[in-house]
Amino acid sequence: MTFRVGILTVSDLGARGLRQDTSGQAIREMMASLGATVERYEVVPDERDQIALRLRRWADEDGLDLVLTTGGTGFGPRDVTPEATRDVIDREAPALVIAMVSEGLKRTPLAMLTRAVAGLRGRTLIVNLPGSPRAVQENLQVLLPVLPHALELARGEPSPHQSS
């Protein structure tokens, strides 16, 4: 089963072309290992309304299965990705974030500084990832084993893991 993915990089410098998006590239590579198709990719500034607009469009109009954001989840005054995500999701999926943080804390105490959010908008799973390529890889590695099942459930498809 193929999953349709969007990658939204949130970075003021990246949006102005002043920083290369290595985190978005890391996500792209890991999604390829899952056999997912990246159908949408964009770099936007740390602007709540612009982030929310892309998330809504990619979920509602484009019907993506998964949207992964990178950046804007920390304590900085312009870090608003979690707020934009909460603006658009119908249901939170906090255990995904708990799993990422729990694993991250084994590597660095800085993992507790995330304000990331994960949740569903309709049948689209949206997950906030950190802004550094290494942290993106470490967080996605935690999610990869459950993503296919999570996305099947979000689509409303029967899964071999479900009991009847």
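Closest approach of V117 to P82, counting heavy atoms only: CG2-CB, 3.7 Å. Across all their heavy atoms, A26 and P133 have their closest contact at CB-O, 4.3 Å. Shortest non-hydrogen contact noted between S23 and S132 is OG-C, 3.4 Å.
Of the inter-residue distances, the one linking I51 atom CD1 with D46 atom CG reads 6.0 Å to the nearest 0.5 angstrom. Here R115 contributes atom CZ and T85 contributes atom OG1; the two are 10.0 Å apart, rounded to the nearest 0.5 Å. Taken to the nearest 0.5 Å, the CG atom of D90 stands 11.0 Å off from the CD atom of E92. For the atom pair CZ (R40) and CG (D62), the distance works out to 4.0 Å, reported to the nearest 0.5 Å. To the nearest 0.5 angstrom, Y41 atom OH is 9.5 Å from L8 atom CG. Once rounded to the nearest 0.5 Å, the distance linking CH2 of W58 with OG1 of T124 reads 11.5 Å.
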Applying side-chain contact (heavy atoms from CB on, under 4.5 Å) to L34 and L144, what does each step give before you reach the verdict? CA-CA 8 Å; L34 191 64; L144 285 179; 4.2 Å; yes

Start with the C-alpha gap between L66 and F3, add the side-chain angles, then the distance that decides, and say whether side-chain contact (heavy atoms from CB on, under 4.5 Å) holds. CA-CA 7 Å; L66 175 65; F3 298 107; 5.7 Å; no

Hey, mind stepping through V67 and L64 against side-chain contact (heavy atoms from CB on, under 4.5 Å) and telling me if it holds? CA-CA 7 Å; V67 176; L64 298 182; 4.2 Å; yes

Check the pair E138 / V142 against side-chain contact (heavy atoms from CB on, under 4.5 Å), numbers first and verdict last. CA-CA 7 Å; E138 291 170 353; V142 173; over 6 Å; no

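Placement of V101 and L140 within a single hydrophobic cluster is found when ILVMFWY residues are connected by side-chain heavy-atom separations under 4.5 Å, directly or transitively. Residues I89 and V127 do not share a hydrophobic cluster, defined by chaining ILVMFWY side chains whose heavy atoms lie under 4.5 Å apart. No path of Ile, Leu, Val, Met, Phe, Trp and Tyr side chains, each step under 4.5 Å between heavy atoms, connects L151 with I126, placing them in separate hydrophobic clusters. V146 and V5 fall within a single hydrophobic cluster, where Ile, Leu, Val, Met, Phe, Trp and Tyr are joined by side-chain heavy atoms under 4.5 Å apart, directly or via other members. Residues M112 and V97 are members of one and the same hydrophobic cluster, defined by side-chain heavy-atom contacts under 4.5 angstrom among Ile, Leu, Val, Met, Phe, Trp and Tyr.
In this model, no donor atom of one side chain and acceptor atom of the other lie less than 3.5 Å apart for Q137 and Q141. Under 3.5 Å, the side chains of T81 and N128 contain no donor-acceptor pair of N or O atoms.
Taking a cutoff of 4.0 Å between a charged side-chain nitrogen and a carboxylate oxygen, E152 and R155 do not qualify as a salt bridge. Salt bridge status for D65 with R123: absent, with no side-chain N to carboxylate O gap under 4.0 Å. The pair R121-D60 meets the salt-bridge criterion, since a charged nitrogen lies less than 4.0 angstrom from a carboxylate oxygen. Using a cut-off of 4.0 Å between Lys/Arg side-chain N and Asp/Glu carboxylate O, E39 and R4 are scored as salt-bridged. Classification of E61 and R56 as a salt-bridged pair fails, no side-chain N sitting under 4.0 Å from a carboxylate O.
At most 12 non-hydrogen atoms from other residues, nucleotides or ligands lie less than 6.0 angstrom from CZ of R134. Enclosure of atom CZ in R78 by more than 12 non-hydrogen atoms of other residues, nucleotides or ligands within 6.0 angstrom is indicated.
Applying side chain to side chain contact (heavy atoms under 4.5 Å, CB included) to M100 and the options T114, L129, L105 leaves one that passes, L129. The side chain to side chain contact (heavy atoms under 4.5 Å, CB included) with I27 is formed by just one residue from the set V136, T9, N139; it is V136.
Judged by distance alone, the side chain of S33 and the main-chain N or O of M30 form a donor-acceptor pair under 3.5 Å. A donor-acceptor contact shorter than 3.5 Å is absent between the side chain of T70 and the backbone of G24.
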